[in-house]
Amino acid sequence: MSALRPFPGDFLWGAATSAYQIEGSPLADGAGPSIWHQFAHTPGHVRGGDTGDVACDHYRRMAEDVALMARLGLRAYRFSVSWSRILPQGRGHVNPAGLGFYERLVDALLERDIVPLLTLYHWDLPAALDMYGGWLNPDSPHWFADYAEVLFRALGDRVRLWITINEPWVVAHCGYLQGVHAPGHRNLYQAPMVSIHLLQSHALAVAAFRACCDGRIGIALNLEPQYPATQHPADVAAAQRREAYVNRQYLDPLLLGRYPPELARLFGEAWPRDADARIATARGSLDFLGINYYTRAVVRAEPRSVPERAAPVPPASAPRTAMGWEIHPQGLADVFAELRHRAPTLPLYITENGAAFDDPPAAHGLVDDGARVRYLGDHLRVARAALAAGSDLRGYFVWSLLDNFEWQHGYSRRFGIVHVDFASQRRTPKHSAWFYRDVIHSHGRALDEAGTRGL
Ligand code: IFM
């Protein structure tokens, strides 16, 4: 590996966050509530009753946080916009104060030569739209495109990189099938409707973007390669089904304009017969693909085949993060190989990669998170090898800049390269942040230094 060329000089080295997970002050300055605000405020949904009311207080500490990004040598920052700060009712009246926050953020980034990568939707649908069915409403793609156009008009002159939707699979699966995310539905018939409306939303927003703005627009998919637990044909078939459900449910419409046929079999009568016709416009809608990679799944056949039962079974002995997710950098290599095969010329960004660990407490301004340094180093070496093998990889965004609100787990899972003391809001860069700064500064050569492997 050490013989590999360094990363290109224009490689985008960044960190990622999302609005509800870091901003706090969710109702400030005329913002409307989001479904996550309501979900977190409903007892029993989030561990310990945690909410995003304060989070990392980024809404009020934005300037300090941008200065921190510069200190860490970041060249890019991926953030999301809270739809209900911009449109408190989800549509109609635009709230200038909400827009103002993101204008100031973008200007602060540009002043420091940090490239903004803006995600339009990272799970915080305006609650006002949920009253009309949210993503189940056939008008939701138009609501989304109208919202996107407000941002294209306001920020299109300064933001050149856009993501429509973060992890549509998680939106439909966790929000409408499993019920562990907002809006908390458990309904086999709703998940396919949401999938269709999210793809339509993406396609409409991309069309609006291309009509008005220069720059590039894509989507961020959570890609999790699926491997059979054994070579028994039942396990192999189960892994293929789950591959269709988790990865190809969005990749196929975007690349081919149709859903994988396995989904109609998996969902049975819950799968709309006209699904393919309704998402045909998604084909060709990507200027780039964002890859969110954390882990793989090892799949064993289960007697029932409805999607939520096809549970992954990682080997008991495998190293894991605090999320219980297996650490498996080879899975990222396999994602790249698959994409080289399926979409050889498509520009790629790793829009999320990182790990939660039970870090030691911050002491004397230091947090020794060797496990995260190893995790990042191992995945970055895979990214470098993918470049050498011909993947058009243009950037890498570590998840996450800050410890933050990890959805149903509240503040109990720390993904940040910067430690946040939630009582004082003090930020302390962890060892991984300084390691990442050295990687950026050296165009990846720091990955070859002996210390990063054996930490
Ligand atoms: O925190 C989340 C993020 O919001 C979406 N991708 C996965 C991360 C870790 O679970």
Side-chain angles (χ1 to χ4, degrees), residues 14-24 26 34-37 39-40 45-47 50-52 55-56 58 77-83 117-125 163-175 178 180-183 198 218-225 246-247 250 289-297 312 314 320-328 331-332 335 349-359 369 371-372 375-376 379 396-420 422 432:
T17 63
S18 89
Y20 190 75
Q21 293 181 271
I22 66 161
E23 286 178 357
S34 72
I35 54 172
W36 261 98
H37 179 75
F39 188 77
H45 283 157
V46 177
R47 185 187 154 130
D50 290 348
T51 72
C56 307
H58 171 75
Y77 175 54
R78 175 179 175 227
F79 62 96
S80 79
V81 170
S82 157
W83 184 341
L117 167 49
L118 188 158
T119 301
L120 289 162
Y121 186 70
H122 199 125
W123 308 353
D124 45 358
L125 189 76
I163 282 176
T164 53
I165 296 171
N166 185 68
E167 300 181 359
W169 181 83
V170 174
V171 176
H173 178 80
C174 297
Q178 278 204 328
V180 294
H181 281 188
L198 290 173
I219 197 167
L221 299 184
N222 52 299
L223 296 180
E224 183 192 74
V246 179
N247 301 320
Y250 293 93
L289 175 67
I291 300 168
N292 292 1
Y293 178 81
Y294 291 90
T295 189
R296 68 161 175 177
R320 291 159 196 256
T321 70
M323 297 294 280
W325 298 345
E326 184 186 353
I327 301 173
H328 192 70
L332 179 59
V335 167
Y349 293 87
I350 296 179
T351 37
E352 288 183 26
N353 175 239
F357 289 109
D358 296 325
D359 299 325
D369 62 337
R372 186 172 292 99
Y375 182 99
L376 296 181
H379 287 79
Y396 174 94
F397 292 78
V398 64
W399 184 272
S400 180
L401 176 68
L402 303 168
D403 290 337
N404 60 45
F405 177 82
E406 178 55 25
W407 309 113
Q408 70 269 39
H409 305 287
Y411 296 97
S412 69
R413 303 288 193 278
R414 292 179 177 269
F415 274 90
I417 56 171
V418 174
H419 176 271
V420 176
F422 292 105
S432 55

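Here, residue 1 is the first one in the sequence, and each next residue gets the next number. Ligands are counted one by one from 1 in listed order, and the atoms in each one are counted from 1 as well.
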**OP:** Answer whether the closest heavy-atom distance between the side chains of N292 and E167 falls below 4.5 Å.
**Re:** yes

Subject >> Under the side-chain contact (heavy atoms from CB on, under 4.5 Å) test, residues paired with D50 that sit two or more places apart >> reply: V46, F405, Y411

**OP:** State plainly whether the residues R414 and E406 are in salt-bridge range, i.e. N to O under 4.0 Å.
**Re:** no

Original post:
ring pair (Phe, Tyr, Trp, His ring centres under 6.0 Å) with H379: which residues, sequence neighbours excluded?
Top reply: Y293, Y375

Original post:
side-chain contact (heavy atoms from CB on, under 4.5 Å) with A356: which residues, sequence neighbours excluded?
Top reply: A322, M323, R413, F415

**OP:** Please tell me if the side chains of N404 and V420 come closer than 4.5 Å, counting only heavy atoms from C-beta onward.
**Re:** no

**OP:** Could you pull out every protein residue that has a heavy atom closer than 4.0 Å to ligand 1, ordered by chain and then number?
**Re:** Q21, H122, W123, N166, E167, Y294, W325, E352, W399, E406, W407, F415

